[in-house]
Participant: 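Structure below; questions to follow.
Order of the sequence lines sets the chain letters (A, B, ...), proteins ahead of strands, with each chain counted from 1.
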Amino acid sequence: MTTFADLGLSPKVLSAVTDAGYTIPTPIQAGAIPPALARRDILGIAQTGTGKTASFVLPMLTLLEKGRARARMPRTLILEPTRELAAQVAENFEKYGKNHKLNVALLIGGVSFDEQDRKLERGADVLICTPGRLLDHCERGKLLMTGVEILVIDEADRMLDMGFIPDIERIAKLIPFTRQTLFFSATMPPEIQKLADRFLQNPERIEVAPPSSTAKTVTQRLVATHGKDYEKRATLRDLIRAQDDLKNAIIFCNRKVDVAELFRSLDRHGFSVGALHGDMDQRARTTMLANFKENKLTLLVASDVAARGLDIPDVSHVFNFDVPIHAEDYVHRIGRTGRAGRSGAAFTLVSKRDGKFLDAIEKLIDQKIEWLSGGIEDLPPQAESEERERPRGGRDRGGRDRDRDRSRGRKGEPRATETRIETSESEEKVEAVKAERKAEGRPQNPARNPRAANHAAPRPANDDSRDRRSRYRRDDDDGPTPLGFGDEVPAFMLIAGKA
DNA sequence: AAAAAAT
């Protein structure tokens, strides 16, 4: 059996690999490292989760042991589609390059130029970049690309999706053609093949089987839900609470605004939760991801920025709050769990309107996904209330659901994912008003349900069905209704605040 | 029905 020791890596690199606990290379590593060390061009067709990053980091480290960097003349250049991926590759250089004295510079947007400039000035052995920021540095004249010996283009198909190919071409033109090029892509559509043909000279082609993409170790289920945001959020909360083996989870939304909104909702409900999407400032992105990786956050609500490539080990669950619009994204998303042979669970919330996207997914993965408990047609009728979203109160964070849990003695301990948040004074007042109303046998907070008054079958005065924890219960997370408006709550106050 | 990336 091939071990890392058989691949021709330098002793310094080998010892770092051993220290990291690896002995057996993955197929892409075994296939790509020897020709890369022989200075061949590489065409690697491999998805994330196959050990692709190490397949270029390790030989680069070995090759970089000869020679030294000169100011403003980087020796190697790695292009990544997202900032997080770039940062992750930089971490790999730290980990496997701990026996080297290499200058690694991370050139990504969203952070200041100063430190990046300083590193360039000092002479970078390795430059890890997102295309925009790299070109920015080039245009500022801080960077000479004529010394680049190795160019890595990672996630080429994703770069294509993101419209980066013109940038990549511009960058490639600045680099001498005597360079060695390592080119990686998860898929090989014709445009990518053309690009590879232009960039690579007589490459060694290594193709590895898609990592058990919809792996057998991942239990996939569909969860029927009504389609309103609050109904989906309630379904999701119940689903999360029902998981006994949940260690940590990524929850995917299709849109950034929905990431922000779901994050706020879960946070208010006391879940240990973070958010990640491309409109957040870079510091927040970095800390959120770090906290999630360090298990300081149990849940991460994310856009597809997190769907591919991010190496977050040991995610026990993936929840698709939205059915992804592009079927491939489904595969990438659920590929965040069940990695390296571990078991994982992936749940996808499906409402009526998601039908055709679901069909496309099942066609792509060539299997039918089981429903957790009945399909959409089996859903109980929509909750009788058609209340709309209420405004978001800044001060009424969390707590309320669990307060009721206690006072009513409902069974079920708060799960590990939930943390207690102090009930604010204003919230206590609202609770007090509610309790008073209830004692008087009046419907709770009528302003919250303008239609309740003329509902065909009014609830008995002591009916507390509204409060029963049910996936169909009205989302109760949106703060107290503004008191004093009666049925005349201005429309603008009912619109969910978008970040 | 989207997201990502330079400012």
Side-chain angles (χ1 to χ4, degrees), chain A residues 48 78-89 105-117 120 127-143 153-171 174 185-186 225 227-229 232 250-263 275-282 284-286 288-289 300-310 320-333 336 348-361 498-499:
Chain A
T48 39
I78 300 169
L79 295 170
E80 294 288 338
T82 68
R83 298 170 186 174
E84 278 76 13
L85 277 173
Q88 191 172 289
V89 172
L106 182 60
L107 303 191
I108 59 174
V111 292
S112 97
F113 280 91
D114 299 350
E115 204 195 325
Q116 296 179 0
D117 281 341
L120 292 177
L127 221 53
I128 306 164
C129 318
T130 46
R133 182 53 74 96
L134 174 66
L135 285 169
D136 207 342
H137 277 284
C138 288
E139 280 155 17
R140 288 152 40 109
K142 294 277 180 179
L143 206 44
I153 298 167
D154 197 13
E155 304 256 333
D157 51 351
R158 196 167 176 206
M159 301 255 206
L160 176 77
D161 288 347
M162 292 168 65
F164 278 159
I165 297 305
D167 286 350
I168 303 295
E169 307 226 26
R170 277 175 65 199
I171 292 164
L174 302 170
S185 189
T225 179
K228 297 242 170 56
D229 282 357
K232 290 176 78 174
I250 305 182
I251 304 164
F252 286 102
C253 298
N254 285 355
R255 296 183 307 182
K256 289 178 284 200
V257 282
D258 294 329
V259 169
E261 183 150 333
L262 181 59
F263 162 70
L276 187 69
H277 66 71
D279 279 355
M280 291 164 50
D281 74 68
Q282 191 54 40
R285 283 169 68 163
T286 308
M288 285 289 186
L289 191 59
L300 184 70
V301 186
S303 70
D304 280 315
V305 68
R308 306 190 197 191
L310 286 193
N320 288 315
F321 186 74
D322 299 310
V323 178
I325 293 163
H326 291 304
E328 321 85 76
D329 286 332
Y330 177 83
V331 179
H332 289 297
R333 288 179 182 187
R336 305 289 87 206
T348 302
L349 266 54
V350 183
S351 68
K352 255 185 207 150
R353 60 190 160 175
D354 298 321
K356 70 175 178 197
F357 297 116
L358 182 59
D359 292 345
I361 289 166
K498 307 277 184 201

Participant: Starting at CG of A/D167, measure out to OG1 of A/T130 and round the result to the nearest 0.5 Å.
Facilitator: 10.0 Å
Participant: Considering every strand and a 4.0 Å limit on heavy-atom distances, what is the contact class for A/R353: base, sugar-phosphate, or nothing?
Facilitator: base
Participant: Across the strands shown, which category fits A/R285 at heavy-atom distances under 4.0 angstrom: base, sugar-phosphate, nothing?
Facilitator: sugar-phosphate
Participant: Which is true for A/D322 with a 4.0 Å heavy-atom rule: it touches a base, it touches only sugar-phosphate, or it touches nothing?
Facilitator: nothing
Participant: Would A/D322 and A/K232 pass as an ion pair if we require N to O under 4.0 Å?
Facilitator: yes
Participant: Can you tell me if A/E115 has over 12 outside heavy atoms packed within less than 6.0 Å of its CD?
Facilitator: no
Participant: Describe the nucleic acid contact of A/G110 in one word from base, sugar-phosphate, nothing, applying a heavy-atom distance below 4.0 Å.
Facilitator: sugar-phosphate
Participant: Between A/E139 and A/R170, does any NZ, NE, NH1 or NH2 come within less than 4.0 Å of an OD or OE carboxylate oxygen?
Facilitator: yes
Participant: Distance under 4.0 Å to a non-hydrogen atom of chain A counts as contact; along DNA chain B, which nucleotides mark the start and end?
Facilitator: B/dA1 to B/dT7
Participant: Salt bridge (Lys or Arg N to Asp or Glu O under 4.0 Å) with A/D354: which residues, sequence neighbours excluded?
Facilitator: none
Participant: How long is the straight-line distance from OG1 of A/T348 back to OH of A/Y330, given to the nearest 0.5 Å?
Facilitator: 4.0 Å
